[in-house]
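Any value given below was found using the heavy atoms of this structure, including those in side chains, with hydrogens, waters and symmetry copies removed.
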2 protein chains.
Amino acid sequence: MLKLTKKVDYALLALSFLSQQEEGQVVNIREVSEAYQIPTEILAKVLQRLSKKGILQSHHAPKGGYSLKKPARNVSILDVINAIDGSVGILSCSDGHEKTCQQIDNCDIRSPLERIQGKIMWLLEDMSLEEFIHSEPTTGGVLHGSINLLGQPR
Amino acid sequence: MLKLTKKVDYALLALSFLSQQEEGQVVNIREVSEAYQIPTEILAKVLQRLSKKGILQSHHAPKGGYSLKKPARNVSILDVINAIDGSVGILSCSDGHEKTCQQIDNCDIRSPLERIQGKIMWLLEDMSLEEFIHSEPTTGGVLHGSINLLGQPR
DNA sequence: TTAATAACAGACCATTTTGGTCTGCGATTA
DNA sequence: TAATCGCAGACCAAAATGGTCTGTTATTAA
């Protein structure tokens, strides 16, 4: 529920890794997969999609690999999620095939949910890969301690 | 991706329906399921959980049913999601069993993701059921006019 | 007192989504 | 021209989710 897929995790890890490279440096899949213990085959797919969506530049040759196509500043987290998962949508009926939704006729919650969804998307759109990567570490054990991020002002 | 489950949809629909009742009025599962075409058995489970979590009051008798236990103003959307799905967490490794995460040792993205998650949770916590229900309708076609087109169809 | 009503409980199965594997092809360059 | 790398898609396995089935328990009205 509201969870990112592992593929998005892998994408963000790889992008993080690539961002740390020198300008123009290419990195191949194996290097990334070894750095983070990600199965190469699935990482390959992830990077392919990022490349197809214009986030990565691929160098299709020996000594080739991938590099960022745009500055990390110009890539949003939403871009990454969209590239990998298709699209973000908290509504379970927002798959473009609304006919399948039994509740569509008298659905009281659609527009409120759209508002929430809009906020989430704005939030994801608003954070660039650069900002994401240089995010200050939070203090350890946050997640299992108490989710004290809750009260944190934005 | 980042999608709410149908059970949460059902919960929100039911809560919306219950909010529209007069004070003290109880509604049984069948009435709700007919109003929205939701299978009664699964709706039963959803309402049971809401009741167990203190969001609904159950009346276990003939002519019984459910009613809101607290004013809609005092129930957040996050409360509802937590009641139904357990907990919200965008991290795929945040299940309390981190040992299973291969990337934990050199994970560059954990704390940034925690920040995003915190923001999302704040947003969900900040919206009450009352606000949710009385949300202004968005102009038609928002979903398909813009949001949905951001990613490729699957 | 008892039968009807409605919630409670959990095992169970089906479907969908996701993660991951396997196989082969295509581009580039040393 | 062979080695290295990405590209592509079929395919399978595992997990999450949606939904069904069977039965139990509490309350009330007849």
Side-chain angles (χ1 to χ4, degrees), chain A residues 1-11 13-14 18 26-34 36-53 55-67 69 81 84-87 89 92-93 95 97 100-103, chain B residues 1-11 13-14 18 26-34 36-53 56-67 69 81 84-89 92-93 95 97 100-103 153-154:
Chain A
M1 71 315 285
L2 281 179
K3 199 180 282 191
L4 293 178
T5 61
K6 274 199 172 182
K7 287 177 185 169
V8 171
D9 286 352
Y10 294 158
L13 282 168
L18 287 167
V26 300
V27 173
N28 68 32
I29 292 176
R30 190 180 41 74
E31 293 177 83
V32 180
S33 89
E34 284 178 359
Y36 299 110
Q37 309 296 321
I38 303 170
T40 57
E41 296 92 343
I42 193 165
L43 182 62
K45 290 184 178 271
V46 167
L47 297 189
Q48 278 165 34
R49 283 199 202 165
L50 292 176
S51 152
K52 193 179 275 180
K53 296 291 181 178
I55 294 173
L56 291 183
Q57 177 68 254
S58 73
H59 303 269
H60 197 172
K63 307 241 171 180
Y66 292 95
S67 59
K69 189 165 189 177
I81 297 176
I84 301 300
D85 282 341
S87 70
S92 56
C93 62
D95 56 3
H97 301 87
T100 61
C101 176
Q102 299 291 317
Q103 286 77 42
Chain B
M1 157 52 31
L2 279 178
K3 198 180 283 191
L4 292 178
T5 61
K6 274 199 172 181
K7 287 178 186 171
V8 171
D9 286 352
Y10 294 157
L13 281 169
L18 287 167
V26 301
V27 173
N28 68 31
I29 292 176
R30 189 181 42 73
E31 293 176 83
V32 180
S33 90
E34 283 177 2
Y36 300 110
Q37 309 298 319
I38 302 170
T40 57
E41 296 90 343
I42 193 165
L43 183 63
K45 288 183 181 276
V46 167
L47 297 188
Q48 276 165 35
R49 283 198 203 165
L50 291 176
S51 151
K52 195 178 275 183
K53 297 290 181 175
L56 291 183
Q57 176 67 255
S58 74
H59 302 268
H60 196 173
K63 309 238 172 179
Y66 292 94
S67 60
K69 190 165 188 177
I81 298 176
I84 302 299
D85 282 342
S87 69
V88 174
S92 55
C93 62
D95 56 1
H97 302 87
T100 61
C101 176
Q102 299 290 318
Q103 287 77 41
R154 311 212 291 160

Report task. Figure out the CD/P separation between B:Gln48 and C:dC8, and round it to whole Å. Result -> 5 Å

Requested in this report: Identify the 5'-most and 3'-most nucleotides of DNA chain D with at least one atom closer than 4.0 Å to a non-hydrogen atom of chain B.
Outcome: D:dG18 to D:dT28

Report task. Mind checking the CD1-NZ spacing from A:Ile55 to A:Lys69? Nearest 0.5 Å is all I need. Result -> 10.5 Å

Query raised in the report: Between C:dG19 atom P and A:Ile84 atom CD1, what is the distance in whole Å?
Result: 11 Å

**Report entry** Heavy-atom pair with the smallest gap, counting every atom of A:Tyr66 and A:Ser58
**Finding:** CE2-CB, 3.6 Å

Query - Distance in Å, B:Thr5 OG1 paired with B:Lys7 NZ, rounded so as to fall on 0.5 Å steps - result: 7.0 Å

Query raised in the report: Does A:Val27 have any side-chain contact (heavy atoms from CB on, under 4.5 Å) partners at least two apart in sequence or in another chain, and if so, which?
Result: A:Phe17, A:Leu18, A:Gln21, A:Glu31, A:Val32

Report summary line: For B:Gly64 and B:Asn28, the nearest pair of non-hydrogen atoms, with its separation, is O-CB, 3.7 Å

Requested in this report: Measure the spacing between CG of B:Leu4 and CD1 of B:Ile81 and express it to the nearest 0.5 Å.
Outcome: 5.0 Å

Report summary line: Heavy atoms of A:Leu47 and A:Ala14 approach each other most closely as CD2-CB, 3.7 Å

**Report entry** Approximate separation, where rounding is to 0.5 Å, of B:Asp85 CG and B:Arg49 CZ
**Finding:** 7.5 Å

Requested in this report: Write down the distance between NZ (A:Lys7) and C1' (C:dG20), rounded to a whole number of angstrom.
Outcome: 8 Å

Requested in this report: Give a yes/no on whether any side-chain N or O of B:Tyr66 is located under 4.0 angstrom from OP1 or OP2 of C:dC8.
Outcome: yes

Query raised in the report: Given side chains that start at C-beta, do those of B:Gln48 and B:Lys52 come closer than 4.5 Å, heavy atoms only?
Result: no

Query raised in the report: How would you list, by chain and number, every residue that makes a side-chain hydrogen bond (donor to acceptor under 3.5 Å, both in side chains) with B:Ser33, sequence neighbours excluded?
Result: none

Query - B:Ile42 CD1 to C:dC8 P, straight-line distance once rounded to whole Å - result: 16 Å

Query - Non-neighbouring partners of A:Pro39 that pass side-chain contact (heavy atoms from CB on, under 4.5 Å), sequence neighbours left out - result: A:Tyr10, A:Glu41, A:Ile42

Query raised in the report: CZ of B:Arg49 versus P of C:dG10: gap in Å, rounded?
Result: 11 Å

Query - Comparing B:Leu47 and A:Pro39 on DNA chain C - which has the more 5′ nearest nucleotide - result: B:Leu47

Report task. Whole angstrom is fine here: how far is it from CG in B:Leu50 over to C1' in C:dA7? Result -> 14 Å

Query raised in the report: With the sugar-phosphate defined as primed atoms, P, OP1 and OP2, and the base as all remaining atoms, what B/S/- string results for nucleotides 23-30 of chain C, 5' to 3', for protein heavy atoms under 4.0 Å?
Result: ---BBBS-

Requested in this report: Could you state the atom-to-atom distance from NZ of A:Lys3 to P of C:dT18 in whole Å?
Outcome: 12 Å

Report task. Select base, sugar-phosphate, or nothing to describe what B:Ile29 touches, counting heavy atoms under 4.0 Å on all strands. Result -> sugar-phosphate

Interface polar pairs with nucleotides 12-16 of chain C, N/O, under 3.5 angstrom:
none

Report task. Specify the residue among A:Lys45 and A:Gly65 whose closest nucleotide of DNA chain D lies further upstream toward the 5′ end. Result -> A:Gly65

